[in-house]
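Here the structure comes first, spelled out in structure tokens, and everything after it is commentary.
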Amino acid sequence: MIAVTEQKKEKAYRLLKSSALLQQIMFRYMMEGQIASEEGNLAWVTSGFPVEIPVAMNIGISYPEQYGAVVGSQRMGPELCGFAEGLGYSQELCSYARSSIGSVKHPDQSPLGGLPTPQALLACNNICGTVLRWYDTVSELTGAPVFLLDTPPLEGEQPEHHRDYVRKGLDKLVDFLEQVFGKPLADERMQEVALYSTEAVGLWTQCLEACKAKPSPLNCADRFLTMAPIVSLRGTDYVKDFYVSLLAEVKERISNGVGAIKEEKIRLLWDNIPPWFTIFRFFNGLAKRGVVFPADTYTHAWTGSIEGDNLFDSVVSIYSNVYLNKGLDAKIDKMCQLIQNYDLDGFIMFSVRSCKRYSLGQLVSKELVTERTGVPGVVIEGDMVDSRLFNEAQIQMRVDALLEMFA
Amino acid sequence: MVIRMSYSRVVEQSDQAIRELTEAGEQILGYIYPHFPLEIAMAHGLLPSLVRTSPSAGGGYESSLQTFACSLTRNIFSQRASGHLTTFSGIVFSGNTCDSLQNVGEVWRKRFPDDKTFRLTYPAAIPSESSVTFLAEELRKFSVAIDSEFKMPFSEELFKDAVALISEIRESLQMLYAARVLSPKLLEYSTLSSLITGFLTAPTTSVLDNVLEIRSSTMEDLEMQVDRDLVSELQNAFLRKDLMDIGKFDESISIRLLLVGGMIETNALSEFLKSVPNFSEDMIILDLLSYGFKTAFTPSISLVGDPFENSARAILGSLGEPTQEGLSDRVRFLKEILSKLSINGLIICEQSFCDPDEFEAPSLARAAEDLQVPSVRLPIDPELSDRVRLEGRIQTFLETLM
């Protein structure tokens, strides 16, 4: 009787033991952000911002995009986006931005009481053009000044004048931060922060690459959750501890032949941000049908290491060459590489209405990726935070159609 | 005399003009983003022409773009997918201006691989020496790409001619803009719009002749009413983006409207507004539209020194777009205009699914509210698919101002 109960309890997906440590680290990150804000020492940064520079200047950091994920996962998206819409921001705009604007306006009605109030807003447009306009709006609401690190999108190799332009932008960033926070940048501290960042990114990359194993030790939702420190805590000393722990668990799973899901039958690639409000339901639902996602294009975005004789040059190169700052060809190449390297059977592209930079081009990419790799894919449409823009039945139907191809 | 035409007729006529120029042996280079280096294209012997949206464009984009791509890019893509836009020898897409335009440029290359397409990347940061240097290098690269594709090298002589021609057209348009502010009844807004349309279609000497003719008659009429120096003063203030030294204008006209927004053609807008009951063209005091004021008020290019650097400096000297850094400067300038020109109604046009327009609009509306100027927002697409509702909105807005 006991054995039967235990068998019944065994889920189609497996929880990570490292989750407990992740919660501790993220709690610390939130507390540090709160304290920094109270001390007049907090900057909000975009996910593709060279955060190592403000961190090296001992400035506290908060990530509104990550907060958007929290809003989404707590299913508060429609309510907070609605606050922004009440201020005149169209429902056609990015839901990270709308929920962020809504939470600034109504922190008391937002998860965690909203993000701590910033003293500066640091935007880098290597992930999209929206971040500048979003931060401009937050600036109007909070009075915090905006700094834009302009990293023009690339076509192939980065030309010298692009490098020079971004490099000058970094110099202006240091001047801006010195002016706002009254803190200088010390070379030794920058080297230390760069080393922490590189070590963490190295460990994270190993975790990602371990998913080439069969069965895959991590599923999509696992990676989307465990990427939080690499997004928000690059350059800090304690982030490494988490990734050492995660990598050990991943290796342990591989050596024991234990996968992220109970029975791995189909291996797929995920493209784009996930629907945060249904992330577990969506991926675990597929896990029950034997579908695992050993790779995705999103969590692989944080892979560059800041190193070499001239750290700022390295920063220029890494942050200009992020996935979303390259052309369609680079995106198609990346998807094909992941499909081949991770031995994937197909792919799901989430067309996120909020994110034009990521999503426009997917209809063409889908055809070209299939043509090059021979594996089928499907495009589903919805949103990452605003669940009003997510038609579950329609999405299910399209995913079913893809899965039938593997039957 | 300028003949009034409907916007569809204007589009048809500009298509016809382009066809005729092509038949006459001109190679036409299409562009979409308004701050295009016209003079550099002309220095290569190419004729730059705005790729115009079509109010009658049907579908065609659906297998390549999602519905949330901005309405302007969907419209242009649909035209191409339906076999139109063939008169263009090449099309230039902008980079780093908005995510839609950039991605659509890439999708275009995949879908229409035989088309000659170019990308010109703009700096998004507040203009500075480093952004001038960056854009200058992009323009140089663009020039090399044109040469390589069309086998038409950059000619200093053609560049000088182009600078002279474009400067004269722009300065005349600037003067007409300033004159209209002083006396809106002197020149119908639709007439000014038609001149701009001609300039955007093909900056030729015949366009210049047309502009000069209207300028001459308008200035003659104006001189009977106000001091000509006032026109120059206002024109220069607009170019400086600073109206601090300008005195406040009278309020003899009860409704004084300012049109703001992004990449919406002045002709399309004026034709739409004219269809609204109780609307009169002289209510429009000024527009700050990308294909209007911002097209006209681009500073002239200096002929001393490097042509690419000078072109970059001129392009970055125009009033910024919502795609760029500098919202607070744009809001400040808007407030100056609202206040100094005694504007009492603001019409904010937003291209549907255009992130830059839709993000900027609430800030513009708040700026107007600060000055107790009523505003109305118009979500517009090139097909004017929501025309009846938009008309109703404007009509109600005008009634509140009366």
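Everything numeric here is computed off the predicted structure, so don't read it as measured data. Naming convention: chains lettered A, B, ... in sequence-line order (proteins, then strands); numbering from 1 in each chain. Values below: all heavy atoms of this structure, side chains included; hydrogens, waters and symmetry mates excluded.
- Here B/Gln66 is the residue among B/Glu106, B/Glu137, B/Gln66, B/Arg377 with the most heavy-atom pairs under 4.5 Å with chain A.
- At a 4.5 Å heavy-atom cutoff, A/Lys366 makes no contact with chain B through either its backbone or its side chain.
- Within residues 90-98 of chain A, the residues having any heavy atom under 4.5 Å from a heavy atom of chain B are, by residue number, A/Ser90, A/Glu92, A/Leu93, A/Ala97.
- Residues passing the salt bridge (charged side-chain N to carboxylate O under 4.0 Å, His left out) test with B/Glu129, sequence neighbours excluded: B/Arg313.
- Among the candidates A/Asp329, A/Leu87, A/Val379, the residue making the largest number of heavy-atom pairs closer than 4.5 Å to chain B is A/Asp329.
- Most heavy-atom pairs under 4.5 Å with chain A: of the set B/Pro356, B/Ser100, B/Ala361, B/Ala365, this distinction falls to B/Pro356.
- Put simply, of A/Thr137, A/Val364, A/Val146, the one with the most heavy-atom pairs under 4.5 Å next to chain B is A/Val364.
- For B/Ser63, the part lying under 4.5 angstrom from a heavy atom of chain A is the backbone only.
- Interface summary for chain A: among B/Thr323, B/Thr133, B/Val331, the most heavy-atom pairs under 4.5 angstrom belong to B/Thr323.
- Salt-bridge check for B/Lys335 with B/Asp370: passed, with a basic side-chain N closer than 4.0 Å to an acidic carboxylate O.
- You'll find the side chain of A/His161 reaches within 4.5 Å of the side chain of B/Glu138, heavy atoms only.
- With sequence neighbours excluded, the residues satisfying ring pair (Phe, Tyr, Trp, His ring centres under 6.0 Å) with A/Tyr323 are A/Tyr358.
- Your options are B/Arg119, B/Gln324, B/Gln102, and the one with the most heavy-atom pairs under 4.5 Å with chain A is B/Arg119.
- The structure places CG of B/Leu288 at 6.0 Å from CZ of B/Phe333, a figure rounded to the nearest 0.5 Å.
- Contact annotation for A/Leu324: neither backbone nor side-chain heavy atoms come within less than 4.5 Å of a heavy atom of chain B.
- Looking at A/Asp150, its side chain does come within 3.5 Å of a backbone N or O of B/Ala124 through a donor-acceptor pair.
- For B/Arg366 and A/Glu140, the salt-bridge test passes: some basic side-chain N is under 4.0 Å from an acidic carboxylate O.
- A salt bridge links A/Glu85 with A/Arg388: the distance from a Lys NZ or Arg NE/NH1/NH2 to an Asp or Glu carboxylate oxygen falls below 4.0 Å.
- Using a cut-off of 4.0 Å between Lys/Arg side-chain N and Asp/Glu carboxylate O, A/Glu367 and B/Arg111 are scored as salt-bridged.
- Between chain B and the options A/Ser351, A/Cys128, A/Gly129, A/Pro153, the largest number of non-hydrogen pairs under 4.5 Å is found for A/Pro153.
- Neither the backbone nor the side chain of A/Val166 comes within less than 4.5 Å of any heavy atom in chain B.
- Just one residue in the list A/Arg357, A/Arg133, A/Lys356 forms a salt bridge (Lys or Arg N to Asp or Glu O under 4.0 Å) with B/Asp99, and that residue is A/Arg357.
- When heavy atoms are compared at a cutoff of 4.5 Å, A/Glu160 does not approach chain B at all.
- With a 4.5 angstrom heavy-atom cutoff, A/Leu328 touches chain B via backbone and side-chain atoms both.
- For A/Leu149, no part lies near chain B; criterion is any non-hydrogen pair under 4.5 Å.
- A salt bridge does not link A/Arg353 to A/Asp386: none of the charged side-chain nitrogens sits closer than 4.0 Å to a carboxylate oxygen.
- Of the atoms belonging to B/Ser128, it is side-chain heavy atoms, and not backbone ones, that fall under 4.5 Å from chain A.
- Between A/Asp333 and A/Lys326, none of the side-chain N atoms (NZ, or NE/NH1/NH2) sits under 4.0 Å from a carboxylate O, so this pair counts as no salt bridge.
- The part of A/Tyr165 that comes within reach of chain B is its side chain, from C-beta onward, which places non-hydrogen atoms under 4.5 angstrom from that chain.
- For A/Ser359, the parts lying under 4.5 angstrom from a heavy atom of chain B are both the backbone and the side chain.
- A/Glu79 pairs by the salt bridge (charged side-chain N to carboxylate O under 4.0 Å, His left out) definition with nothing, not counting sequence neighbours.
- The shortest heavy-atom contact between B/Leu346 and B/Ala368 is CD2-CB, 3.7 Å.
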